[in-house]
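Here is the structure we will look at, set down as structure tokens.
Scope of the values below: all heavy atoms of this structure, side chains included, with no hydrogens, waters or symmetry mates. All ligand and atom numbering here is 1-based and tracks the order in the structure.
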Amino acid sequence: MTSADLPLPAALLDLLARARRVVAFSGAGMSAESGVPTFRDAQTGLWARYSPEELATPEAFAADPKLVQDWYAWRMELTARARPNAGHVALAELATRVEVVVVTQNVDGLHAAAGSTDIIELHGRLRWVRTGDRTPVEAPMLGDDGLRRCPESGRLVRPDVVWFGEPLPQGALERAFREARACDLLLAIGTSGLVHPAASVPVAALEAGRSVIEINPDRTPLSDHVTGRLAGQSAQILPGLCAQIGTSCL
Ligand code: NAD
């Protein structure tokens, strides 16, 4: 889809053209077209019988560390192969013309790989860290028991992500809310709006009277409240949409 065939009403086009300060709030759908499955997509193969809520918790790790480590090793392998899609690239390019803060729930690092620099990672990053003090572990050793451990300390490793039931990094969350309340335009991209507190970030923008545009093939709890909604895949919609942003200051 090009900017010319984006079905945007005139009022929305005007709002995009005048935007100078943009928050791109992204969820797993943002990376779907890079081949990274979302949580709501059916889990595939080996993992079909588990729900992420059963695996991405401290309780699951304590009960069965091998199961949780194996699931994350599979996800790390998938994301290591993934490349930023046209949506990630469009947001990175947009930052050369207007102010863009990326607030992401994604843990795949694809916004940074596309060249975005101001990124708030609310849920951490997929990489191994030592349990206890969260020191990064580049290459965990795999023991005879199938468990991955830090080669120096022998401690189990865990992924550096926020699990269900764990607090989000406080400074990151506070800045995300601040940026959402202060922007001209928030793009809510590929997120189901079900995982809190992150899901409250676009709500804070709406409550502060900011414009919010949702990009998602499916409706979400946010859909009835947004300024505009573009139903479709973000890698197809974002290049055309971003081309319209900030054009009145060119
Ligand atoms: P989610 O899985 O709950 O929802 C994904 C949303 O994306 C859905 O609403 C779906 O309709 C939409 N979607 C699917 N394909 C799309 C596309 N091509 N373009 C636009 N939208 C599309 O994801 P969430 O809201 O991010 O929340 C769940 C949690 O999942 C987050 O905490 C996140 O950390 C984690 N997660 C991250 C990744 C990743 O880093 N890529 C992958 C899976 C899960």
Side-chain angles (χ1 to χ4, degrees), residues 1 6 24-44 47 50-58 68 71-91 102-114 116 119-127 158-169 172-173 176 186-203 212-224 226 228-242:
M1 190 181 288
L6 261 187
F25 176 72
S26 66
M30 175 92 218
S31 298
E33 287 147 292
S34 292
V36 184
T38 69
F39 271 1
R40 312 293 143 186
D41 284 339
Q43 296 282 93
T44 50
W47 301 106
Y50 299 100
S51 81
E53 287 82 355
E54 285 173 84
L55 297 168
T57 68
V68 174
W71 184 56
Y72 276 100
W74 171 72
R75 291 185 61 202
M76 283 182 205
E77 215 178 287
L78 273 183
T79 54
R81 284 200 301 263
R83 293 291 165 263
N85 63 49
H88 296 104
V89 172
L91 290 175
V102 174
V103 178
T104 189
Q105 299 163 87
N106 292 346
V107 293
D108 53 33
L110 290 177
H111 283 294
S116 285
I119 306 170
I120 303 174
E121 289 180 319
L122 291 177
H123 291 166
R125 181 77 77 102
L126 272 178
R127 59 172 181 190
R158 62 161 284 176
D160 194 17
V161 299
V162 177
W163 278 332
F164 292 104
E166 291 186 324
L168 273 65
L173 189 62
L186 182 143
L187 305 174
I189 310 159
T191 176
S192 61
L194 297 173
V195 179
H196 284 274
S200 303
V201 171
V203 177
V212 174
I213 296 181
E214 178 175 62
I215 300 150
N216 197 316
D218 296 335
R219 294 187 69 80
T220 74
L222 206 59
S223 303
D224 286 337
V226 291
R229 193 184 129 67
L230 297 171
Q233 298 182 315
S234 51
Q236 289 175 21
I237 288 177
L238 278 171
L241 183 74
C242 290

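The side-chain contact (heavy atoms from CB on, under 4.5 Å) test with V36 singles out one residue from L126, L110, L78, and that residue is L110.
For atom 15 (N) of ligand 1, the nearest non-hydrogen atom of the protein is A32 CB, 3.8 Å. The nearest heavy-atom contact from the protein to atom 18 (N) of ligand 1 is E33 OE1, 2.9 Å. When hydrogens are left out, the protein atom nearest atom 19 (N) of ligand 1 is S234 N, 2.9 Å; that is the closest non-hydrogen contact. Looking only at heavy atoms of the protein, atom 5 (C) of ligand 1 is closest to G190 O, 3.6 Å.
The existence of a salt bridge linking R127 and E121 is excluded, since no basic side-chain nitrogen approaches an acidic carboxylate oxygen closer than 4.0 Å.
P239 and A235 get closest at one heavy-atom pair: CD-O, 3.3 Å. Pairing each heavy atom of M76 with each of P159, the nearest pair is CE-CB, 4.1 Å.
Applying the salt bridge (Lys or Arg N to Asp or Glu O under 4.0 Å) criterion to E53, with sequence neighbours excluded, gives R40.
With hydrogens and angles disregarded, a donor-acceptor distance shorter than 3.5 Å links the side chain of S34 to the backbone of R83. At distances below 3.5 Å, at least one donor-acceptor pair connects side-chain atoms of S223 with backbone N or O atoms of T220.
In the vicinity of S31, heavy-atom distances shorter than 4.0 Å reach the ligand 1 atoms 41 (N). The Q233 neighbourhood of ligand 1 comprises atoms 17 (C), 18 (N), 19 (N), with distances under 4.0 Å to a heavy atom of that residue.
For atom 24 (P) of ligand 1, the candidate residues are A28, G193, S223; the nearest heavy-atom contact is made by A28. The option from A235, G29, A56 that lies nearest to atom 14 (C) of ligand 1, judged by heavy atoms, is G29. Of the candidates D218, I189, T79, V107, it is V107 that places a heavy atom closest to atom 40 (O) of ligand 1.
Taking 4.0 Å as the cut-off, N216 counts as a neighbour of ligand 1 on heavy-atom distance. Under a 4.0 angstrom heavy-atom cut-off, P37 registers as being in contact with ligand 1.
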